[in-house]
Amino acid sequence: MKHTTFAARLLYPPRKPRPRKDILARTIAALMLVGSIACATEAPCGDLNIDKSFGKVSGWDVGFSKSVGGCLAAATYQDRTTVWFGFAGDKPSAYIAFTNPRWASVEVDGQYDMQLVMGRTRWNGEFMGFERSNEKGVFSGNLKTEFMVELAESGGVGVFLNRRRVAALSLDGSRRALEAVLSCQKAFMTAQSDTRDEPSTDNKPKRHTKSSGTGFYVSDSGHIVTNHHVIAECSTINVLPPGGAAVSATLVAKDKTNDLAILKTASSPAAIPGLRSQMRLGEAVYVFGFPLTGILSTSGNFTAGAITATTGMEDDTRLAQISAPVQPGNSGGPLLDKYGNVIGVIVSKLNALNIAAATKDIPQNVNFAIKTGIATNFLDSSGVVPTGKVSTRELAPEAIADLAKIFTVQVLCN
């Protein structure tokens with residue numbers, strides 16, 4: 001019988017537990033899509049292993065597995081049992097595995113009914129036997145979001161096979177390890193997206209491609225600000241408001257140096273935001289946009305954070321550093337203050353994989369926005385007059401989100 005490898009057989013989820021929702025759960029759910037994983041069941045995918053280490057997080061080794069195609073964390077205990085958890089494939093599937101060089105009786109491709117006891121929670125699931133290097137193990141894949149959260153928040157896990165305990169393991173630090181794996185996985189997905197968007201350097205005919213970003217209206221005449229890199233390769237541009245119909249847009253002006261562009265449509269929204277030039281270190285900020293098209297909500301995504309530095313990388317005074325989470329597709333969107341004014345244009349985030357490789361640490365929520373002063377100078381030099389009025393009335397976050405939906409659009413590039 002031909003044995004399939006670890007990543008090819010992530011097929012057996014534990015039974016559904018009691019529901020639990022928090023920020024960690026929503027983050028995991030955003031990454032985990034229903035669909036095929038990277039490897040076909042007939043083709044070998046390699047071994048479970050950390051090929052590129054990013055160092056230790058609370059005692060867990062965190063890194064990237066080329067063969068599995070995703071980020072993972074692992075911890076080895078005194079009884080030589082190693083716990084592995086992470087994500088596999090282009091459409092991430094969560095998994096957990098246990099290996100031990102003493103488990104000689106485990107059969108490769110054998111099916112095992114196992115029970116994981118975490119506090120008062122008991123998980124019953126089918127695990128598959130596999131072999132890596134000089135040890136054997138069992139794994140279960142396509143795990144539910146609730147299982148990953150319960151794993152991260154538990155203090156330990158008892159592993160039972162046929163009602164016999166085969167391991168009792170501490171899970172101290174597992175939440176921080178899972179957060180690091182999530183950051184790594186999001187960075188990996190970003191890197192994949194950036195690679196797919198790079199122009200071809202060969203002489204073969206290019207395929208018809210489509211990318212997207214975010215923009216926001218700045219005038220009653222239908223002018224929209226976005227990033228230059230969002231529309232740089234467009235042959236045609238359309239903009240799509242939340243819940244509305246797409247309308248065509250034309251390119252009015254572009255500033256490659258500052259990564260800004262101005263579009264023009266025949267329509268305008270019911271509200272135009274004020275453009276506020278000043279910002280203060282530590283002030284609350286909000287981001288609205290359309291990240292990770294096909295994964296997150298098509299009605300827009302709203303996140304909160306703070307101004308963490310009033311300059312960008314290497315003290316670039318054109319930029320501000322923010323902690324509000326952003327993803328591919330947020331580029332060109334508005335950075336909002338507590339009054340609903342625009343104080344910046346979202347432009348980029350650190351490449352977490354590159355930083356992790358250099359520093360052995362995974363950066364958390366280090367993102368950047370172009371200051372509004374740079375944008376207003378560009379609008380002025382392009383003959384575009386912003387018509388929004390700066391507000392001084394503080395709004396609740398949910399009111400800011402409702403307001404942002406009115407003047408923010410998804411920018412579709414063909």
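Heavy atoms only: backbone and side chains are in, while hydrogens, waters and symmetry mates are out.
- Between Ala177 and Val62, the shortest heavy-atom distance links the atoms O-CG2, 4.4 Å.
- Proximity of Ile370 to Asn227: side-chain heavy atoms (C-beta onward) are separated by under 4.5 Å at one or more points.
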Exercise. Apply side-chain contact (heavy atoms from CB on, under 4.5 Å) to the pair Thr265 and Tyr217, showing each step before the final yes or no.
Key: CA-CA 10 Å; Thr265 69; Tyr217 280 96; 3.2 Å; yes
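- Between Lys56 and Asp61, the shortest heavy-atom contact is NZ-OD1, 3.0 Å.
- Screening Asn49, Thr82, Thr99 against Arg132 for a side-chain hydrogen bond (donor to acceptor under 3.5 Å, both in side chains) leaves a single residue, Asn49.
- Of all the heavy atoms in Thr308 and Ser323, the pair that sits closest is CG2-CB, 3.7 Å.
- Proximity of a side-chain donor or acceptor of Asp255 to a complementary backbone N or O of His228 within less than 3.5 Å is not detected.
- Between Pro334 and Val342 the shortest heavy-atom distance is CB-CG2, 3.9 Å.
- With a 4.5 Å cut-off on side-chain heavy atoms, Phe64 and Asp51 do not count as touching.
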Practice problem: Start with the C-alpha gap between Glu283 and Lys338, add the side-chain angles, then the distance that decides, and say whether side-chain contact (heavy atoms from CB on, under 4.5 Å) holds. | Solution: CA-CA 8 Å; Glu283 75 170 288; Lys338 63 183 179 180; 5.7 Å; no
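- The nearest pair of heavy atoms linking Asp79 to Ala167 is OD2-CB, 4.2 Å.
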Exercise. Please report the C-alpha distance between Leu72 and Leu48 in whole Å, then the side-chain angles of each, then the deciding distance to 0.1 Å, and finally whether the side-chain contact (heavy atoms from CB on, under 4.5 Å) criterion is met.
Key: CA-CA 10 Å; Leu72 72 163; Leu48 174 61; 3.7 Å; yes
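- Met128 is listed as a side-chain neighbour of Asp109, based on a closest heavy-atom distance under 4.5 Å.
- Applying the ring pair (Phe, Tyr, Trp, His ring centres under 6.0 Å) test between Phe130 and each of Phe139, Trp84, Tyr95, Phe98 identifies Phe139 as the sole match.
- Applying the side-chain contact (heavy atoms from CB on, under 4.5 Å) test between Val287 and each of Thr214, Leu336, Leu335 identifies Leu335 as the sole match.
- Side-chain atoms of Ile322 and Ile307, non-hydrogen and from C-beta on, do get closer than 4.5 Å to each other.
- Evaluation of the salt bridge (charged side-chain N to carboxylate O under 4.0 Å, His left out) test over residues 398-414, restricted to residues two or more places apart or in two chains, returns none.
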Practice problem: Check the pair Phe290 / Phe288 against ring pair (Phe, Tyr, Trp, His ring centres under 6.0 Å), numbers first and verdict last. | Solution: CA-CA 7 Å; Phe290 301 91; Phe288 186 82; 5.8 Å; yes
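- Side chain of Ser382 to main chain of Phe378: a donor-acceptor pair is present (N/O by atom type, distance under 3.5 Å, no hydrogens or angles).
- Ser331 and Thr226 get closest at one heavy-atom pair: O-OG1, 4.2 Å.
- For the pair Val411 and Ile231, the minimum side-chain heavy-atom distance is below 4.5 Å.
- In this structure the side chain of Leu251 reaches within 4.5 angstrom of the side chain of Leu263, judged on heavy atoms.
- Side-chain atoms of Thr81 and Asn100 include a donor-acceptor pair closer than 3.5 Å.
- Counting heavy atoms of neighbouring residues, nucleotides and ligands inside a 6.0 Å radius, atom NZ of Lys136 exceeds 12 of them.
- At least one side-chain heavy atom of Thr303 sits under 4.5 Å from a side-chain heavy atom of Asn301.
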Practice problem: Determine, stepwise, if the pair Arg318 / Val347 fulfils side-chain contact (heavy atoms from CB on, under 4.5 Å). | Solution: CA-CA 11 Å; Arg318 299 171 301 169; Val347 64; over 6 Å; no
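- Counting heavy atoms from C-beta outward, Phe127 and Ile96 have side chains that approach closer than 4.5 Å.
- The distance from the CG atom of Leu379 to the CG atom of Leu275 is 7.0 Å, given to the nearest 0.5 Å.
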